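Note that this is a predicted model, so its numbers are computed, not measured. Note: hydrogens, waters and symmetry copies are ignored here, and every other heavy atom, side chains too, is used.
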Amino acid sequence: MKQLTSFFHQLFDRFPEPALLVQEQEILCRNPAAEHTFSLSNELPPALAGIIPPKGGVLQGELPEGSFHITASLFQKQMLLLLLPLEPPAPKLPFLSLPRHLRQHLSTLSAATERLNLPPFSADDMPGRKSLLATQTQAIYRLLRITKQMDLSQNNWEATYPLRTINLTTVFLPAVDELKMLLEPEGLLFSFEAEQPLLVEGNGELLQHLLLALLSNATKAAGLQGTIGLRLYKSQGRGILKLWNNGPTLSDAQLSLLFSPPEESVDLESLPLPQEGFGLDLWLVHRIAKFHGGIIMAGNQATEGTVFTLSLPLSTDPHLSLRSDDAFLRESGLSPVLTNLSDALPTRLFESAWVE
């Protein structure tokens with residue numbers, strides 16, 4: 001161990017970025033940059049310990065001390081952590097593609113409505129009528145999704161979304177069941193594991209939005225014939241959400257912009273395609289995690305593709321709140337799954353949604 005410690009200090013003491021050598025949760029060595037950046041004891045901070053892949057890997061996201069690119073390398077029983085601070089991109093125009101998205105969805109809605117108002121359909125035309133109704137309904141859900149995102153981008157969360165002790169597994173289960181019911185017949189493989197109970201101090205509506213935003217991105221990445229996995233568990237006094245998909249992995253450049261504010265992530269030279277949104281979803285995921293005292297990281301792993309890991313502090317209040325959040329009223333009674341995944345689901349899945 002002395003030889004390993006000596007080698008670490010020779011190699012990393014003059015390193016400008018934080019470096020840590022850990023075994024399980026114990027910090028064996030740290031360089032001066034790590035001492036300067038973090039308030040460290042002899043153990044890895046629980047928020048960080050819960051999200052480091054056991055076999056190593058690369059992660060990017062925001063810790064309380066700032067945004068970092070984290071490389072975790074396993075050497076026998078020790079893990080070397082290198083944390084490269086990320087500089088924020090230069091600010092650009094906010095919500096640049098929002099008007100284009102609104103025009104697109106309103107045009108689709110208007111065209112479908114106009115066609116449905118033409119002379120009555122014959123019996124042979126009923127499949128076409130159902131298709132138009134699905135197109136009309138999906139456009140409405142997409143407009144509601146944009147409205148929801150813009151509403152959440154406001155800063156009055158403390159008054160609107162009170163925190164209470166909730167069972168995260170129970171909050172997520174209805175949305176997971178609905179999504180599996182929709183997508184498994186289409187060919188998507190969806191695995192779900194969860195510890196019961198998983199008590200956190202949080203707001204059920206916000207955390208459900210966080211989950212659905214991550215699932216929307218995972219569905220678009222994996223495709224309808226892909227695989228998505230979701231696991232909820234406890235680790236180091238934290239509640240952990242781990243979501244992965246087998247779609248194409250992301251480059252370091254893409255990872256570094258995932259949670260950026262929309263005015264930073266929009267590229268003036270390369271506007272997003274319509275189904276790519278306008279940069280609010282993952283920025284809101286980051287805000288929701290931070291609002292709950294948590295952290296969110298994204299990275300690529302060899303066996304699981306792109307992985308999102310959310311770490312939340314567990315609740316210290318043993319009294320579970322039986323009061324539901326007001327999400328149903330704010331969603332106007334419509335399915336949050338259909339709303340939040342309206343840009344990821346195929347149009348045919350909305351054929352029956354209009355009668356709800």
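Residue-environment remark: CZ (F7) stays at or below the threshold of 12 foreign heavy atoms within 6.0 Å. Within a 6.0 Å sphere centred on CD of Q196, other residues, nucleotides and ligands contribute more than 12 heavy atoms. Atom NZ of K234 sits in a crowded spot, with more than 12 heavy atoms from other residues, nucleotides or ligands closer than 6.0 Å.
Within the 4.5 Å cutoff, the side chain of I52 has no heavy atoms near those of the V22 side chain. Considering only heavy atoms from C-beta on, L230 comes within 4.5 Å of F190 through its side chain. For the pair N42 and R30, the minimum side-chain heavy-atom distance is below 4.5 Å. Side-chain contact between L199 and L314 is absent, with no heavy atoms from C-beta onward closer than 4.5 Å. Side-chain atoms of L345 and L183, non-hydrogen and from C-beta on, do get closer than 4.5 Å to each other. For the pair L312 and L207, the minimum side-chain heavy-atom distance is below 4.5 Å. When side chains are defined from C-beta on, Y161 counts as touching L152, because their heavy atoms get closer than 4.5 Å. The shortest side-chain heavy-atom distance between L211 and N340 does not fall under the 4.5 Å cut-off.
Summarising the geometry, atom NZ belonging to K242 is positioned 12.5 Å from atom CG belonging to L232; distances are rounded to the nearest 0.5 Å. The CG atom of L20 lies 5.5 Å from the CG atom of L81; values are rounded to the nearest 0.5 Å. Interatomic distance, D151 CG to I146 CD1, rounded to the nearest 0.5 Å: 13.5 Å. Within the model, atoms CG of N203 and OG1 of T160 stand 9.5 Å from one another, a figure rounded to the nearest 0.5 Å. Here L143 contributes atom CG and K148 contributes atom NZ; the two are 15.5 Å apart, rounded to the nearest 0.5 Å. How far CD1 of I296 is from CG of L59: 10.5 Å, rounded to the nearest 0.5 Å.
Not less than 6.0 angstrom separates the ring centroid of F75 from the ring centroid of F8.
Closest of all the heavy-atom pairs between E65 and T37 is CG-O, 3.4 Å. Looking at every heavy atom in both residues, L224 comes nearest to P346 through CD1-CG, 3.8 Å. Nearest heavy atoms, M79 versus P53: CE-O, 3.4 Å. When all heavy atoms are compared, the tightest approach of A221 to N245 is CB-OD1, 3.6 Å. Nearest approach of N246 to T227, heavy atoms of both residues: OD1-N, 2.9 Å. Across all their heavy atoms, G293 and P313 have their closest contact at O-CD, 3.4 Å.
Criterion: ILVMFWY side-chain heavy atoms under 4.5 Å apart, direct or through other members. Under it, F308 and L63 are not part of a common hydrophobic cluster. Clustering ILVMFWY residues whenever any of their side-chain heavy atoms sit less than 4.5 angstrom apart, transitively, puts F172 in the very cluster that holds F291. Hydrophobic clustering (ILVMFWY, side-chain heavy atoms < 4.5 Å, transitive): L168 and L214 are in one cluster. I295 and L40 fall within the same hydrophobic cluster, where Ile, Leu, Val, Met, Phe, Trp and Tyr residues are linked whenever their side-chain heavy atoms come under 4.5 Å apart, directly or through other members. Under the 4.5 Å side-chain heavy-atom criterion for grouping Ile, Leu, Val, Met, Phe, Trp and Tyr, V58 is not connected to I70 through any hydrophobic cluster.
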When you look at D281 and R145, which way does the side-chain contact (heavy atoms from CB on, under 4.5 Å) test go after all the steps? CA-CA 10 Å; D281 251 354; R145 177 175 178 267; 2.7 Å; yes
Run the side-chain contact (heavy atoms from CB on, under 4.5 Å) check on T5 and L28 step by step: do they pass? CA-CA 8 Å; T5 301; L28 303 177; 5.8 Å; no
Tell me, with the steps shown, if E17 and L82 meet side-chain contact (heavy atoms from CB on, under 4.5 Å). CA-CA 7 Å; E17 286 83 26; L82 300 178; over 6 Å; no
List the steps, then state whether side-chain contact (heavy atoms from CB on, under 4.5 Å) holds for E178 with L338. CA-CA 9 Å; E178 183 178 351; L338 290 177; 4.3 Å; yes
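In summary, of the residues considered (K220, Q138, R142), a side-chain hydrogen bond (donor to acceptor under 3.5 Å, both in side chains) with D343 occurs for K220 alone.
With hydrogens and angles ignored, the 3.5 Å screen pairs no side-chain donor or acceptor of S216 with any backbone N or O of L212. A donor-acceptor contact shorter than 3.5 Å links the side chain of H292 to the backbone of I288. Side chain of N31 to main chain of A19: a donor-acceptor pair is present (N/O by atom type, distance under 3.5 Å, no hydrogens or angles).
Within the structure, salt bridge (Lys or Arg N to Asp or Glu O under 4.0 Å) contacts touching residues 186-204 (residues at least two apart or in different chains) are E186-R348.
Classified by interplanar angle (parallel below 30°, tilted 30° to 60°, perpendicular above 60°), the ring pair Y141/F350 is tilted.
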